[in-house]
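Data first, discussion second: the structure below is written as C-alpha cells.
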Amino acid sequence: MAKSKVLLSITGFNPQRWQELLAAGRDVVLAPERPDDPSIGYAVVWKQPPGVLSRLPNLKAIFSVGAGVDHILADRTVPDVPIVRVVADNLTQYMTEYVVWRVLDHHRSGSAYRAQQKRKVWRELPQRPAQDVTVGIMGLGTLGRASAAALRSLGFRVNGWSRRAGPVEGVETFAGEAGLNAFLNATDILVVLLPLTEATRGIIDYALLKQLRRRNGLGGSVLINAGRGRLQKDDDILRALDDGTLKEATLDVFEVEPLPKTSGLWTHRQVFVTPHGAATSDPNHLVAPMLSQMDAHDGGAPLKDLVDRASGY
Ligand code: NDP
Ligand code: OXD
C-alpha cells in the first residue's frame, strides 16, 4: 500500500531543504489542492497558516519543526491528533552551547571588555569564581537539564524551576508558584527555557525581575531568555535595565519577531540581541527521525516526544 503523503507547511523561512529530505521517504505536498485532501497522513509544520490542518480527514499526527509547539497551538482549529515535538541531541547541543556562551560572557564581563577595547583601555576587571554565582534556570526540561549539567561542570551553582517538583542531580529544584520567589531570590543569572503556554505568557515582567538576587561584587543580576519572546515584557526589561534592577540581558526571543527596528532593545548598551537563533532546527538532523517515526507509527508503534495538549507543551 502506498504511504500517505506529508503536508509541509512552514512560514518564516525557506522549506526547500525540509522538502528535499522529506521527499526521500514520502510524497510531499506544500499546499493541498483541496483542504480535505484524503491522501495526507502527516503534517510537518512551523507556524502553519490558520485552518490549513483543520479539514484533513486522514491526518494521523503533526510534527513540529521545533521543540516549542506554541506556533502550532496558536491556531485554534488544529485537529485533535497527536503532536510530536523536536527532542534531538543536535538541538540540545546548540542550546547548551548558547546558554554556556552567554552565561560565561556575562560572568566574565564580556560587554565591559568590548566597551574598553573600543576606547583602547587597558584595565583588568575584577573576577569571581563560578562557584560564587548561582544560575537559575526556568524550565528544567530537555534543554534546561542539559544546560544545567554543562554549567555545573564549569563550577556554577545551578538552581532550577519547573511546573512539577522532581529531583535533578546536582541542581536545587523549586516548583510551581509556591517555589518561584525562593528560586528567584537565590538567582544571580536567570536563564529562561520555558515553553510559551497560557500559564507562562508574560511571566518575565518587572515584578519578577525585582525578585532576583543582586549581590555586592557581581554588579547586578542578569537575564538570558532563549525560550519564547512572549514569555517576557520587553518594556519591563528595559525599565529593569535602566533602573539597575538588571545589570545586563541576553535576548534571543522577543514579543514581536523580527524585533522591530524601533525597539530600544536593539541599541541598549546592556543588551545582547540574537535573532531567535539560539538553537536552529537543522533538517539534516531532524527529518530522518521524523520519517522513521511516521513509518513506525504506520506499522502500529506509538509516537514518541508527544505534546500534552492540556498543558500546552
Ligand atoms: P520541555 O517540554 O522538555 O521542558 C519544559 C520545561 O518547562 C519543563 O521543565 C516544564 O516543567 C517547565 N514548565 C512548563 N510550564 C511551566 C509552568 N507553568 N511553570 C513552571 N515550569 C513550567 O521543553 P524543552 O526544554 O525541549 O524546550 C523549552 C522551550 O525552549 C521550548 O518550548 C521553546 O519555546 C524553546 N526553544 C527555543 C529555541 C530557540 O532557538 N530560541 C530552540 C528550541 C526551543 P515540568 O518539568 O514540570 O513539565
Ligand atoms: C524551537 C525554536 O522551538 O527554534 O525549536 O524556537
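Remember, it's a predicted structure, so these values are computed and weren't measured experimentally. For ligands, and for the atoms within them, numbers begin at 1 and follow the listed sequence.
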Can you tell if the side chain of [X] reaches within under 4.5 Å of the side chain of [Y], non-hydrogen atoms only?
| X | Y | value |
| --- | --- | --- |
| Arg163 | Thr200 | no |
| Ile137 | Val158 | yes |
| Val99 | Thr96 | no |
| Tyr42 | Leu7 | no |
| Met95 | Leu193 | yes |

Report yes if some N/O of [X] lies less than 3.5 Å from some N/O of ligand 1; otherwise report no.
| X | result |
| --- | --- |
| Thr280 | no |
| Val253 | no |
| Asp70 | no |
| Gly277 | no |
| Ala199 | no |

Checking a contact table here: which protein heavy atom is nearest [atom], and how many Å away?
| atom | answer |
| --- | --- |
| atom 9 (O) of ligand 1 | Leu140 N, 2.9 Å |
| atom 1 (P) of ligand 1 | Arg85 NH2, 3.4 Å |
| atom 4 (O) of ligand 2 | Ala279 O, 3.6 Å |
| atom 4 (O) of ligand 1 | Gly141 CA, 3.1 Å |
| atom 5 (O) of ligand 2 | Ala67 N, 2.7 Å |
| atom 38 (C) of ligand 1 | Met95 CE, 3.4 Å |
| atom 37 (C) of ligand 1 | Ala226 O, 3.1 Å |
| atom 6 (O) of ligand 2 | His276 NE2, 2.6 Å |
| atom 35 (C) of ligand 1 | Gly227 O, 3.4 Å |
| atom 15 (N) of ligand 1 | Tyr313 CE2, 3.7 Å |
| atom 13 (N) of ligand 1 | Leu194 CD2, 3.7 Å |

So, Asp308 and Arg85, do they make that salt bridge, N to O below 4.0 Å? no
Are Asp298 and Arg26 close enough for a salt bridge, meaning some N to O gap below 4.0 Å? yes
Region of Asp252 engaging ligand 1 - heavy atom pairs below 4.0 Å: side chain
Please work out whether any backbone atom (N, CA, C, O) or any side-chain heavy atom from C-beta onward of Leu143 is under 4.0 Å from ligand 1, and answer side chain, backbone, both or neither. both
Below 30° counts as parallel, above 60° as perpendicular, anything between as tilted: where do the rings of His276 and Trp46 land? perpendicular
Should the ring pair Phe13 and Trp18 be called parallel, tilted or perpendicular, given that the plane angle runs from 0 to 90° and is split at 30 and 60? tilted
Contact between [X] and ligand 1, counting heavy atoms under 4.0 Å?
| X | value |
| --- | --- |
| Met138 | no |
| Gly66 | no |
| Thr200 | yes |
| Leu193 | yes |

Counting only nitrogen or oxygen atoms and a 3.5 angstrom limit, does Arg228 reach ligand 2? yes
Gly68-ligand 2 polar pair, N/O distance under 3.5 Å: yes
Of the side chain and backbone of Trp46, name the one, both, or neither that has a heavy atom under 4.0 Å from an atom of ligand 2. side chain
Under 4.0 Å from ligand 2, counting heavy atoms only, is it the side chain of Ala278, its backbone, both or neither? neither
Should one rank Ala279, Ser311, Ala278, Pro195 by closest heavy-atom distance to atom 7 (O) of ligand 1, which comes out on top? Pro195
Per atom 11 (O) of ligand 1, closest listed option by heavy atom (Arg230, Arg163, His71, Arg228): Arg163
Looking at [X] and [Y], would you say the former's side chain and the latter's main chain have a donor-acceptor pair under 3.5 Å?
| X | Y | result |
| --- | --- | --- |
| Ser109 | Ala112 | no |
| Gln270 | Ala249 | no |
| Arg201 | Leu231 | no |

Quiz question: by atom type and distance under 3.5 Å, do the side chains of [X] and [Y] form a donor-acceptor pair?
| X | Y | result |
| --- | --- | --- |
| Asp243 | Tyr206 | yes |
| Ser111 | Arg269 | no |
| Ser221 | Asp188 | no |
| Asp242 | His268 | yes |

Are Trp101 and Phe272, when compared by the centres of their aromatic rings, separated by less than 6.0 Å? yes
Should Arg85 be listed as contacting ligand 2, given a heavy-atom distance under 4.0 Å as the test? no
